[in-house]
S.K.: 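To start, I am sharing the structure in question, which I have written as structure tokens.
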Amino acid sequence: MHTHELHWSILGAGAIGTLWASYAFKQGRSAALLLRDNARLEDYRRARGILATLGGSAELLPLPAQSCEEDGAPIDHLLLTTKAPDSLKALSRIDHRLSRGATVVLLQNGLGVREELLQRRPDLHCYQAVTTEGAYRPAPFQVVHAGRGQTLLGGGPNADVLANSLSVGPLDVSATEDIDAALWRKLAVNCAINPLTALYRCRNGELLDNPLALQQLHQVIDEILELGEYMGQPARFDGLREQVLAVVRGTALNRSSMLQDIENGRPSEIDYITGYLCRYASDVGLTLDTNQQLLEQVRALS
Ligand code: PAF
């Protein structure tokens, strides 16, 4: 079978999900958006598609879409782009359609969903991906591709085939043998930036102007480096401090995803970012005081 013949169902119509769906559509690949319910599908039909700004001007793309409430063909390949805290609930809506042994690719911030998913459906083949593509959703059913990035995918023997199939248009997906390294690095950067921007209600760059926040940022990094040593894998976080500071400067004007969630009254991803880190550390016998404190403070905000 040609890899481009895989049919993808895309669950999670946020910026990243609609970005992939839009490029797949433009390339004539087989992909469909799965929307939460019939009411959402009605809204989508009224919008007549996704308004996508992919580089040039905005264009209306009539991507195929279905509601999770409708019956449909069994799903063999699922790209899951929901936020981590929404994932299990979203998956439960299509549980009956997910084939035994279906392939699921998680493309989202945070860690911990894979374990939750496999606990519920041990038959699934669960891959993970990390992306630096920049995209945002100015309004429902709209997407802007704001910056080119790279995507790594791994977690099983078919990573090559899946990466190939998900490389659409300029979206460049590569298979990696060590997806854990990429996931942990992304997690570490998010642990350093996201909770502090949510607590101080500031843009990423403003962390550098706030002495207390900056001190906490360094403590978060110290604790992650200590965990790396403790795990016997100090190289895992090589250059983390420089990387975090480079991301803070490079995204100085951004409001982090966690700050946006808190400001918009949405559940934050804290339990899948700092929460995952603290649970992992505690399982190996280490307490990360600053991270634990940030976890509790952000939980109290949500
Ligand atoms: O979650 C986010 O907002 C982003 O991953 C990052 C890198 C912190 C930039 O805002």
Side-chain angles (χ1 to χ4, degrees), residues 83-85 106 108-116 128-132 149-150 152 154-155 176 178-200 202-252 254 256-259 261-262 268-302:
K83 283 186 172 277
L106 305 180
Q108 56 188 184
N109 263 344
L111 283 175
V113 170
R114 181 173 194 272
E115 291 85 337
E116 290 178 357
Q128 284 172 287
V130 186
T131 189
T132 55
Q150 288 210 317
L152 292 172
T176 169
D178 193 3
I179 191 67
D180 278 351
L183 290 166
W184 267 98
R185 197 155 271 272
K186 176 93 191 266
L187 187 83
V189 171
N190 285 140
C191 284
I193 300 174
N194 296 27
L196 288 168
T197 54
L199 284 175
Y200 292 103
C202 67
R203 291 175 193 271
N204 295 353
E206 288 167 347
L207 292 174
L208 302 176
D209 308 327
N210 175 338
L212 182 55
L214 188 58
Q215 186 192 355
Q216 287 173 294
L217 182 100
H218 282 293
Q219 282 165 349
V220 167
I221 297 168
D222 290 340
E223 291 180 2
I224 295 174
L225 294 176
E226 189 192 339
L227 176 65
E229 300 266 345
Y230 200 82
M231 289 157 67
Q233 294 184 312
R236 173 149 285 191
F237 299 117
D238 262 353
L240 180 65
R241 197 178 308 275
E242 295 70 24
Q243 187 183 1
V244 167
L245 293 171
V247 173
V248 168
R249 291 194 191 98
T251 61
N254 279 28
S256 78
S257 50
M258 195 170 288
L259 174 60
D261 287 339
I262 296 289
S268 85
E269 299 173 315
I270 193 72
D271 285 318
Y272 296 85
I273 293 179
T274 308
Y276 185 90
L277 175 78
C278 290
R279 279 195 305 282
Y280 188 96
S282 134
D283 285 348
V284 299
L286 200 64
T287 311
L288 309 180
D289 291 327
T290 304
N291 281 287
Q292 188 64 41
Q293 189 193 339
L294 294 177
L295 171 62
E296 281 153 28
Q297 287 176 314
V298 175
R299 271 189 189 148
L301 291 179
S302 337

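Quick note: residue numbers are just sequence positions, from 1.
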S.K.: Distance check, rounded to the nearest 0.5 Å: Cys191 atom SG versus Leu277 atom CG?
M.R.: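 Between Cys191 SG and Leu277 CG, I get 4.5 Å after rounding to 0.5 Å.
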
S.K.: List the steps and the verdict of side chain to side chain contact (heavy atoms under 4.5 Å, CB included) for Leu227 and Met231.
M.R.: CA-CA 6 Å; Leu227 176 65; Met231 289 157 67; 3.6 Å; yes

S.K.: Quick one: does Asn190's side chain get under 4.5 Å of Tyr276's, heavy atoms only?
M.R.: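 Asn190 does not reach Tyr276 side chain to side chain.
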
S.K.: Taking C-beta and beyond as the side chain, do Lys186 and Val189 meet within less than 4.5 Å on heavy atoms?
M.R.: no

S.K.: With rounding to the nearest 0.5 angstrom, report the CG to CD distance, Leu294 to Gln216.
M.R.: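 Here the rounded value is 5.5 Å.
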
S.K.: How many angstroms lie between CD in Gln128 and OG1 in Thr176, if you round to the nearest 0.5 Å?
M.R.: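 Taking CD in Gln128 and OG1 in Thr176, the distance rounds to 12.0 Å.
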
S.K.: Of all the heavy-atom pairs spanning Ser268 and Ser302, show the shortest one and how long it is.
M.R.: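 Between these two residues, the closest heavy atoms are OG-OG, 3.7 Å.
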
S.K.: With a 4.5 Å cut-off on side-chain heavy atoms, are Gln219 and Asp289 touching?
M.R.: no

S.K.: Which value, rounded to the nearest 0.5 Å, describes the distance between Met258 atom CE and Asn109 atom CG?
M.R.: 8.5 Å

S.K.: Does any part of the side chain of Tyr200, heavy atoms only, come nearer than 4.5 Å to the side chain of Glu206, both counted from C-beta?
M.R.: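 Contact flag for Glu206/Tyr200 side chains = no.
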
S.K.: Could you check Thr274, Leu295, Ile262 and say which one makes a side chain to side chain contact (heavy atoms under 4.5 Å, CB included) with Pro195?
M.R.: Thr274

S.K.: Is there a donor-acceptor pair closer than 3.5 Å between any side-chain N or O of Thr132 and the backbone N or O of Gln150?
M.R.: yes

S.K.: Between Leu187 and Leu183, is there a side-chain heavy-atom distance shorter than 4.5 Å?
M.R.: no

S.K.: Regarding Gln292 and Glu296, do their side chains bring together a donor and an acceptor under 3.5 Å, going by distance alone?
M.R.: yes

S.K.: Provide the closest heavy-atom pair for Leu152 versus Ala182 in the form atom of the first, atom of the second, distance.
M.R.: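 Smallest interatomic distance, heavy atoms only, reads CD1-CB, 3.9 Å.
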
S.K.: Minimum heavy-atom separation for Tyr230 to Gly285, with atom names?
M.R.: OH-O, 3.6 Å

S.K.: Could you grab the distance from atom CD of Glu269 to atom CG of Leu111, nearest 0.5 Å is fine?
M.R.: 11.0 Å

S.K.: Within the side chain of Thr251, is there an N or O that forms a donor-acceptor pair under 3.5 Å with the backbone of Val247?
M.R.: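 Side chain of Thr251 to backbone of Val247: a pair is present.
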
S.K.: Heavy-atom distance under 4.5 Å between the side chains of Gln108 and Tyr272, does that happen here?
M.R.: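 Of all side-chain heavy-atom pairs linking Tyr272 with Gln108, none is under 4.5 Å.
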
S.K.: Is any side-chain heavy atom of Leu301 closer than 4.5 Å to a side-chain heavy atom of Ile270?
M.R.: no

S.K.: For Glu223 and Asn291, indicate whether the former's side chain and the latter's backbone hold a donor-acceptor pair under 3.5 Å.
M.R.: yes

S.K.: So do the side chains of Cys202 and Asn210 get within less than 4.5 Å of each other, counting heavy atoms only?
M.R.: no

S.K.: Locate the shortest heavy-atom distance separating Leu245 from His218; write the atom from each residue and the value.
M.R.: CD1-CE1, 4.3 Å

S.K.: Compare every heavy atom of Glu229 with every heavy atom of Pro234, then report the nearest pair and how far apart it is.
M.R.: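 It is CB-OE2, 4.0 Å.
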
S.K.: Roughly how far, to the nearest 0.5 Å, is CG of Leu208 from CG of Leu217?
M.R.: 7.5 Å

S.K.: When you check the gap from the basic side-chain N to the acidic O, do Arg299 and Asp271 get nearer than 4.0 Å?
M.R.: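 Asp271 and Arg299: salt-bridged.
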
S.K.: If you apply the rule side chain to side chain contact (heavy atoms under 4.5 Å, CB included), what do you find for Arg185 with Asp238, and how did you get there?
M.R.: CA-CA 9 Å; Arg185 197 155 271 272; Asp238 262 353; 4.3 Å; yes

S.K.: Show the nearest heavy-atom pair for residues Ala192 and Val244, with the distance to one decimal.
M.R.: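 Reported closest heavy-atom pair: CB-CG1, 3.8 Å.
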
